[in-house]
Amino acid sequence: MIVTGFEKIVEERIRAAQRNGEFDNLKGAGKPLDHEDYSRIPDELRLAYKILKNADCLPPEVELRNEIIRTETLLSTMEDEALRYKTMKKLNYMILKLNTLRGGSVIFEVPQQYEHKLVERLSANSKARGDAKDGKNGC
């Protein structure tokens with residue numbers, strides 16, 4: 001291995017700093033390094049992921065998922081129906097955007113918020129029709 005002049009200077013400065021004790025009081029000194037598992041990230045993206053993580057930058061999907069969680073929490077405390085409806089529309093839009101960003105299978109999509117209400121309404125309507133039929137047949 002050929003060492004350039006610049007590398008020699010760097011190595012000498014590091015050794016001088018070690019001799020002077022400049023590395024003695026570093027945070028985590030004497031403890032094992034925390035190696036993160038980047039095995040699921042392609043080789044060509046690992047450095048970029050590491051840099052972004054060190055800068056506290058999140059991928060757009062994670063930021064959007066965090067916003068969805070905050071909006072769901074907010075929605076659960078709202079009492080004003082008009083505001084709840086507007087917030088639910090915003091929440092469903094964010095979920096749709098998240099599902100589009102993922103680009104994966106439909107199986108893994110996050111369900112939108114109106115699904116359970118639709119099922120409840122359909123169940124109530126079918127029960128009401130059943131009760132109406134029973135009432136007409138009983139006369």
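Heads up: numbering here begins at 1 and tracks the sequence.
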>> Set out, in order, the CA-CA distance, both residues' side-chain angles and the distance that settles side chain to side chain contact (heavy atoms under 4.5 Å, CB included) for V10 and I14, then state yes or no.
In response: CA-CA 6 Å; V10 169; I14 290 173; 3.9 Å; yes
>> Set out, in order, the CA-CA distance, both residues' side-chain angles and the distance that settles salt bridge (charged side-chain N to carboxylate O under 4.0 Å, His left out) for R15 and E22, then state yes or no.
In response: CA-CA 10 Å; R15 280 191 210 101; E22 293 179 34; over 6 Å; no
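Under the 4.5 Å side-chain heavy-atom criterion for grouping Ile, Leu, Val, Met, Phe, Trp and Tyr, Y49 is not connected to V62 through any hydrophobic cluster. Following chains of ILVMFWY side-chain contacts shorter than 4.5 Å, one cannot reach I69 starting from M88, and the two form parts of different hydrophobic clusters. There is no path of hydrophobic side-chain contacts, each under 4.5 Å, that joins M94 to L58.
Without hydrogens or angle criteria, R84 side chain to L75 main chain gives a donor-acceptor distance under 3.5 Å. A donor-acceptor pair is defined here as one N or O able to donate and one able to accept, closer than 3.5 Å; such a pair exists between the side chain of E7 and the backbone of T4.
Remark: E72 does not engage K90 in a salt bridge, criterion side-chain N to carboxylate O under 4.0 Å. Residues R70 and E67 are paired through a salt bridge, judged by an N-O separation under 4.0 Å between the basic side chain and the carboxylate.
Atom CG of N20 has more than 12 heavy atoms from other residues, nucleotides or ligands within 6.0 Å.
Contact annotation: the side chain of I68 approaches that of R65 to within less than 4.5 Å [non-hydrogen atoms, C-beta and beyond]. I95 has its side chain within reach of N99: a pair of non-hydrogen atoms, C-beta onward, lies under 4.5 Å apart. Proximity of L91 to L74: side-chain heavy atoms (C-beta onward) are nowhere separated by under 4.5 Å. Contact annotation: the side chain of Y85 never approaches that of E81 to less than 4.5 Å [non-hydrogen atoms, C-beta and beyond].
Separation of atoms OG1 (T73) and CE (M78) is listed at 11.0 Å; rounding is to 0.5 Å. Atom CD in E79 sits 8.5 Å away from atom OG1 in T77 (nearest 0.5 Å). Annotation: the span from E63 atom CD to N66 atom CG amounts to 8.0 Å, rounded to 0.5 Å.
Minimum interatomic distance between E61 and L98 (heavy atoms only, all atoms of both residues): O-CD1, 3.7 Å.
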